[in-house]
Protein chains: 2
Amino acid sequence: MTIQQRATLDDVARLAGVSAKTVSRVYSHRDQVAPDTVDRVLNAAKRLRFRPNTLAQNLRRGGGSSTVGFIMGEMLNPFYSTVAAGIERELADHGFTLIVATTGDSVEGEERVADTLLAQRVGALLLIPVGEDQSYLEGERQLGTPVIAIDRPARNLVADSVVLANRQGAHAAAAALVGHGHRRIAYVCNPASAYTQSERVAGYRAALREAGVDGSGRWERLLDDPAIPPDEVVRELLSHPEPPTAIIAGNNRMCIGALRAIRDLDDPPALIGFDDFDTADILGVTVVGHDPLEMGRQAARLTIERMQQPTGFTTQLELPTHLIPRGSGERAPVT
Amino acid sequence: MTIQQRATLDDVARLAGVSAKTVSRVYSHRDQVAPDTVDRVLNAAKRLRFRPNTLAQNLRRGGGSSTVGFIMGEMLNPFYSTVAAGIERELADHGFTLIVATTGDSVEGEERVADTLLAQRVGALLLIPVGEDQSYLEGERQLGTPVIAIDRPARNLVADSVVLANRQGAHAAAAALVGHGHRRIAYVCNPASAYTQSERVAGYRAALREAGVDGSGRWERLLDDPAIPPDEVVRELLSHPEPPTAIIAGNNRMCIGALRAIRDLDDPPALIGFDDFDTADILGVTVVGHDPLEMGRQAARLTIERMQQPTGFTTQLELPTHLIPRGSGERAPVT
DNA sequence: AGCACCGATGTCAGCGTTGTCTTGTTCTGT
DNA sequence: ACAGAACAAGACAACGCTGACATCGGTGCT
């Protein structure tokens, strides 16, 4: 026998000799059903290859309570894809499915895909904010859709957020470099507009100030032009008449760019990157590490909590960062 | 004014003084509507912050024709997340949304998440097969859901597939090593059960055979125990009384493991990895490269094609691989 | 015996859309 | 001036499911 049509509750009900509602009850476990009725229903369902229609369930229940949307800039950066992995795992553990959408790191993209996801009636929205303003989500939030910001807090919007201890991590990196005798310490990043970078820069500056080291900004390179290759920024920096003896790279891309720029140098500057990466141990790169998988999990956990019992309050979760010494950050200054 | 309720077609219709169907027409662009009616409707919709309910649309149209499901083993491997990125981009370009689900690389997981996605009535299913048998999807396929296998062909199931030129890539790697004078060439991978690995091993063996080099399998390590760390496999191999002078690593993980194992050796063996990775150029690692982003895009393109006009035929797409020499694979054998 | 109660099931309407069919109005050609 | 097309818009049912309410036979208690 071949099934030609997708089976519905009614089909199963007819075959089992009960009403559609009873079949519904068997699947939703909310109501008592006699054991042998359950058997009859399940047998009929198996025979017909019945699968409850989540679409219809969600429509009926008013809102796609079983799906969660995640808006990210792009999936190619391992940091983001690891966060996504954490979200997906946690959601799956709780029976939710994840819809992902990328914005191409553009502000219009963000609003556009948010619209698409909300049209799908996702039960909650996770996002890594790109723009300076997420107020366009305010209406939706008031309608009861939890919004959770990841990596950066949302702007002009009441929303929970899960971020890293950026300031503290950068502070630790700069302080360590000072401790190794460095006085000309650079901070490079591109793009630099995001919240994360301004926090990290703040931590870096604070550490220099506390140590009484030149914090004039001469060795800061805070760019905002995706067209400039990371290694070029570092090369320019090092061609300075009085080049820095140590470099802090604002993120994984910048760090790898810096590695490209300094690999053939006789006396490479010390280097500390932000974000750990796969081959950092092999390359001996000191980094400010953290746990992006856990970040995703925490965010998802918070999301589920908010979907299950909405509150007026919002939480700001900050996950720790810690310095992982691997050699490149422990080089003494060369004069 | 604050909206308390999500607006529906009817709400918009009432405010615009037309019928719900007319509002529907305005949004679906399938039917003629008078220009000034369109204006009235759009104004009303904007005032009410109306967003068409995709859930209801998909239910009504019979099947979630606007969503596509993607089943992958795990998102942490950059190869897979890059494929996912390619899929997402291509789908988004065509107005589809992507639901991702991971199986934790387990066979039961695969069937379980497939079920979840099909319950969501996805319009098509993309998957990286894990198990030896995807016949459980046959019924669904007959109901008209296109199924597209990525990286490995589906087993016991009529499905399109997009794979790499694995055999040819491994052949090229082995042949190159032979060309550099190597005679004891190892192939290591873990897990080894997958289609990709058997193809690669076949290519490797063929190249050895053609060159008249020892193909006894003495230097093959085809494991299937995720608990064994990749670097350990390589260490064991090198502790052999007559160790290989060159190693081909079956995938990115194995390659990085091999790097860990050989980095402190005075005379490291030549190394060629399968799959390119972020810092491979810095580490000077020769790899068999390919384009996972494009792989995702092609798969998504094929998916869309199949959703729009189903055919009885299936395509097997094979994407090229090419050797990228960066030094580690060009080392001469040390005796 | 009478009544409240409970457990197991059924009936019905409606979630927000859209396909099909119908109605009414305006335009075209002879 | 009038048939027939072309257009604009509405009425209604249905997609698959579940919440609210109704029904019915059986228990337990007074």
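All heavy atoms count here, side chains included; hydrogens, waters and symmetry mates do not. First the proteins, then the strands, lettered A, B, ... as listed; each starts at 1. All values derive from a computational prediction rather than experimental measurement.
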Between [N] atom [atom2] and [X] atom [atom1], what is the distance in whole Å?
{"X": "A:Arg61", "N": "D:dG16", "atom1": "CZ", "atom2": "P", "value": "17 Å"}
{"X": "B:Asn53", "N": "C:dT17", "atom1": "CG", "atom2": "P", "value": "5 Å"}
{"X": "A:Asp11", "N": "D:dC17", "atom1": "CG", "atom2": "P", "value": "9 Å"}
{"X": "B:Asn58", "N": "D:dG16", "atom1": "CG", "atom2": "C1'", "value": "13 Å"}
{"X": "B:Arg30", "N": "D:dA9", "atom1": "CZ", "atom2": "P", "value": "18 Å"}
{"X": "B:Asp36", "N": "D:dA8", "atom1": "CG", "atom2": "P", "value": "10 Å"}
{"X": "B:Leu59", "N": "C:dC15", "atom1": "CG", "atom2": "P", "value": "13 Å"}
{"X": "B:Leu9", "N": "C:dG19", "atom1": "CG", "atom2": "P", "value": "12 Å"}

Minimum-distance nucleotide to A:Thr22 side chain [options: D:dA20, D:dC17, C:dT9] |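 Nucleotide nearest to A:Thr22's side chain: C:dT9.
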
Which nucleotide sits closest to the side chain of B:Lys21: C:dT20, D:dG19, D:dA9?
-> C:dT20

Comparing A:Arg25 with A:Phe50, nearest DNA chain D nucleotide closer to 5' gives the residue A:Phe50

Would you tell me if any nitrogen or oxygen in the side chain of [X] comes within less than 4.0 Å of OP1 or OP2 on [N]?
{"X": "A:Thr37", "N": "C:dA8", "answer": "no"}
{"X": "A:Gln57", "N": "D:dC17", "answer": "no"}
{"X": "A:Thr8", "N": "D:dG16", "answer": "no"}

Give the minimum heavy-atom separation between [X] and [Y], together with the two atoms involved.
{"X": "B:Ile150", "Y": "B:Ala299", "value": "CD1-CB, 3.6 Å"}
{"X": "B:Leu98", "Y": "B:Ala84", "value": "CD2-O, 4.3 Å"}
{"X": "B:Ser65", "Y": "B:Met307", "value": "O-CE, 3.5 Å"}

Is it true that a side-chain atom of B:Ser28 and a backbone atom of B:Ser24 form a donor plus acceptor pair closer than 3.5 Å?
-> yes

Does A:Gln134 reach the main-chain N or O of A:Arg155 with its side chain, forming a donor-acceptor pair under 3.5 Å?
-> yes

Within the structure shown, what part of the strands sits under 4.0 Å from B:Asp31 by heavy-atom distance: base, sugar-phosphate, or nothing?
->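 Since no nucleic acid heavy atom lies under 4.0 Å of B:Asp31, the category is nothing.
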
